[in-house]
Amino acid sequence: MCTEHPAEPNLLIHPDEVERFDRGGGVATIPYVGKWNSDKAVITTGQTVFQSGTGLPLHSHNVEESVLILEGEATAEIDGEFFDLEAGQATWVPAGIPHRFFNRGEGVMRIYWVYGGRDVTRTITATGETFEHLSANDKGGAPTS
């Protein structure tokens with residue numbers, strides 16, 4: 001006998017039922033697990049979808065982050081070094097290290113991310129501006145060319 005949702009505090013996330021967070025410029029995030037839907041989770045997770053030729057600006061977080069490439073061709077810039085990644089490859093970046101991902105392929109690129117904390121911030125390297133993850137200021141998706 002299967003049920004649609006597990007008993008609380010457990011979660012079952014259906015991505016097509018989650019409201020997307022539009023970062024602008026062809027980049028959108030699908031939040032999965034975080035303080036918005038769990039009082040107990042100590043991690044924050046989700047998926048970000050990048051259209052061809054798009055990315056986010058160089059930034060860092062107050063917590064560690066792991067990213068798994070789900071689909072497409074990514075380039076990761078981590079602490080000044082560049083790495084070409086494909087589906088199935090993953091990264092781990094400690095708190096405070098500047099990084100970014102962008103779509104270098106012709107199709108959609110999707111990443112799954114996990115932050116090691118509930119209260120996540122993003123600091124834009126170029127400006128030093130810091131804001132709460134997935135807040136109204138957490139935009140910045142743009143073409144990379």
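Throughout, numbering of the chain's residues begins at 1 and tracks the sequence. Just so it is clear, the model here is predicted, and its values are computed rather than measured. No hydrogens, no waters, no symmetry mates; every other heavy atom, side chains included, goes into these values.
For the atom pair Lys139 NZ and Arg122 CZ, the distance stands at 11.5 Å (nearest 0.5 Å). For the atom pair Thr125 OG1 and Arg100 CZ, the distance stands at 10.0 Å (nearest 0.5 Å). With rounding to the nearest 0.5 angstrom, the OG1 atom of Thr91 is 5.0 Å from the CD1 atom of Ile78. Taking CG of Asn103 as the start and CZ of Arg110 as the end, the distance is 12.0 Å to the nearest 0.5 Å. Taking CZ of Arg118 as the reference point, atom NZ of Lys35 lies at 7.5 Å (rounded to 0.5 Å). Here the straight-line distance linking atom CG of Asn137 with atom OG1 of Thr121 works out to 12.5 Å at 0.5 Å rounding.
Under a cut-off of 6.0 angstrom, the local environment of CG in Asp39 is sparse, with at most 12 non-hydrogen atoms contributed by other residues, nucleotides or ligands. Around the CD atom of Glu106, the shell of radius 6.0 Å holds no more than 12 heavy atoms that belong to other residues, nucleotides or ligands.
Put simply, Ile43 and Ile13 are part of the same group of oily side chains (I, L, V, M, F, W, Y) that touch within less than 4.5 Å, one to the next. Put simply, Tyr112 and Val93 are part of two different groups of oily side chains (I, L, V, M, F, W, Y) that touch within less than 4.5 Å, one to the next. One hydrophobic cluster holds both Val120 and Val67 under the rule that ILVMFWY side chains link at heavy-atom gaps under 4.5 Å. Put simply, Trp113 and Val27 are part of the same group of oily side chains (I, L, V, M, F, W, Y) that touch within less than 4.5 Å, one to the next. The cluster map of Ile, Leu, Val, Met, Phe, Trp and Tyr, joined by side-chain heavy atoms under 4.5 Å apart, puts Val33 and Val114 in the same cluster.
Note on residues 61-80: pairs passing ring pair (Phe, Tyr, Trp, His ring centres under 6.0 Å), not counting sequence neighbours, are His59-His61, His61-His99, His61-Tyr115.
When atom types are taken as modelled, the side chain of Asp119 and the backbone of Asn62 share no donor-acceptor pair closer than 3.5 angstrom. Of the possible donor and acceptor atoms, one in the side chain of Thr44 sits under 3.5 Å from a partner among the backbone N and O of Gly117. Counting only distance, with no hydrogens or angles, the side chain of Ser38 and the backbone of Lys40 share a donor-acceptor pair below 3.5 Å. Remark: the backbone N or O of Thr130 is not paired with any side-chain donor or acceptor of Thr123 at under 3.5 angstrom.
The shortest distance between side-chain heavy atoms of Asp138 and Glu132 does not fall below 4.5 Å. You'll find the side chain of Leu11 stays beyond 4.5 Å of the side chain of Tyr32, heavy atoms only.
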Got a list of side-chain donor-acceptor pairs under 3.5 Å for residues 79-90, not counting sequence neighbours?
from  : atom 1 : to     : atom 2 : distance (Å)
Asp84 : OD1    : Thr75  : OG1    : 2.9
Asp84 : OD1    : Arg104 : NE     : 3.3
Gln89 : OE1    : Glu86  : N      : 2.8

Worksheet entry | Worked verdict on Gln47 versus Val18 for side-chain contact (heavy atoms from CB on, under 4.5 Å) | CA-CA 11 Å; Gln47 180 183 149; Val18 174; over 6 Å; no
